[in-house]
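This report refers to the structure that appears directly beneath it.
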Amino acid sequence: MEMKNYIERAEKKAGKQIELAKMLGISDAYIRMVKSGKRGFPDDICIQIADYIGADRLEVIAASNLVTEKDEKKRRIFESCFTRAASVTAAAVVISIMTLPIQKPVNAGNLNGQFTNVQIIGN
């Protein structure tokens with residue numbers, strides 16, 4: 001995901017760009033520069049944004065570095081952060097599905113009169 005998308009999610013949650021800027025302790029002009037691809041955020045700001053919107057910290061840091069990084073080798077390293085995080089998420093989903101208990105349906109016909117009295121207690 002691009003840094004612009006993370007910023008937009010945070011802006012939406014904060015209500016306005018200026019409110020997000022106040023929360024992060026930076027200027028709204030700085031946010032606009034990052035959003036337009038002219039600069040990146042330092043790691044501490046990326047972590048704050050990730051925590052605020054519930055995103056993966058490493059992905060937000062990588063997205064911010066990709067804004068300005070020109071070196072192809074370094075870009076591939078940052079891009080690999082997205083595929084690694086996606087792989088971990090996919091693995092977690094598969095594991096959680098596989099560990100769900102299989103429940104058998106209850107057949108009321110098999111109770112054979114085990115419950116003959118029902119008592120209702122009220123206030």
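All of these numbers come straight from a predicted model, not from anything done at the bench.
- Take Glu69 and apply the side-chain hydrogen bond (donor to acceptor under 3.5 Å, both in side chains) test, not counting sequence neighbours, and it matches no residue.
- Salt bridge status for Asp71 with Arg75: absent, with no side-chain N to carboxylate O gap under 4.0 Å.
- When all heavy atoms are compared, the tightest approach of Thr68 to Lys38 is CG2-O, 4.0 Å.
- A chain of hydrophobic side-chain contacts below 4.5 Å, direct or via other Ile, Leu, Val, Met, Phe, Trp or Tyr residues, connects Met23 to Ile49.
- For residues 36-70, the ring pair (Phe, Tyr, Trp, His ring centres under 6.0 Å) pairs, not counting sequence neighbours, are Tyr30-Phe41.
- In terms of the side-chain hydrogen bond (donor to acceptor under 3.5 Å, both in side chains) criterion, residue partners of Arg57 (sequence neighbours excluded) are, by chain and number, Asp51.
- Residues Ile61 and Leu24 do not share a hydrophobic cluster, defined by chaining ILVMFWY side chains whose heavy atoms lie under 4.5 Å apart.
- Tyr6 and Ile18 fall into different hydrophobic clusters, where Ile, Leu, Val, Met, Phe, Trp and Tyr residues are linked whenever their side-chain heavy atoms come under 4.5 Å apart, directly or through other members.
- A distance-only check finds a donor-acceptor pair linking the side chain of Ser36 to the backbone of Arg32 [under 3.5 Å].
- Residues satisfying the salt bridge (charged side-chain N to carboxylate O under 4.0 Å, His left out) test with Lys22, not counting sequence neighbours, are Glu19.
- Between Cys46 and Val60, the closest heavy-atom pair is O-CG1, 3.5 Å.
- A chain of hydrophobic side-chain contacts below 4.5 Å, direct or via other Ile, Leu, Val, Met, Phe, Trp or Tyr residues, connects Phe78 to Met3.
- Taken from CD1 in Ile26 to CD1 in Ile45, the straight-line distance is 5.0 Å, to the nearest 0.5 Å.
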Would you please test Leu66 and Phe82 for side-chain contact (heavy atoms from CB on, under 4.5 Å) and show each step?
CA-CA 11 Å; Leu66 283 168; Phe82 299 108; 3.5 Å; yes
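- Take Glu2 and apply the salt bridge (charged side-chain N to carboxylate O under 4.0 Å, His left out) test, not counting sequence neighbours, and it matches no residue.
- When all heavy atoms of Val67 and Arg39 are compared, the pair lying nearest together is CG1-O, 2.9 Å.
- A continuous path of Ile, Leu, Val, Met, Phe, Trp and Tyr side chains, each step under 4.5 Å between heavy atoms, connects Leu20 with Ile53, placing both in one hydrophobic cluster.
- Listed by first and then second residue, the salt bridge (charged side-chain N to carboxylate O under 4.0 Å, His left out) pairs that reach into residues 9-18 are Glu11-Lys35, sequence neighbours excluded.
- For the atom pair OG (Ser64) and CG (Asp43), the distance works out to 7.5 Å, reported to the nearest 0.5 Å.
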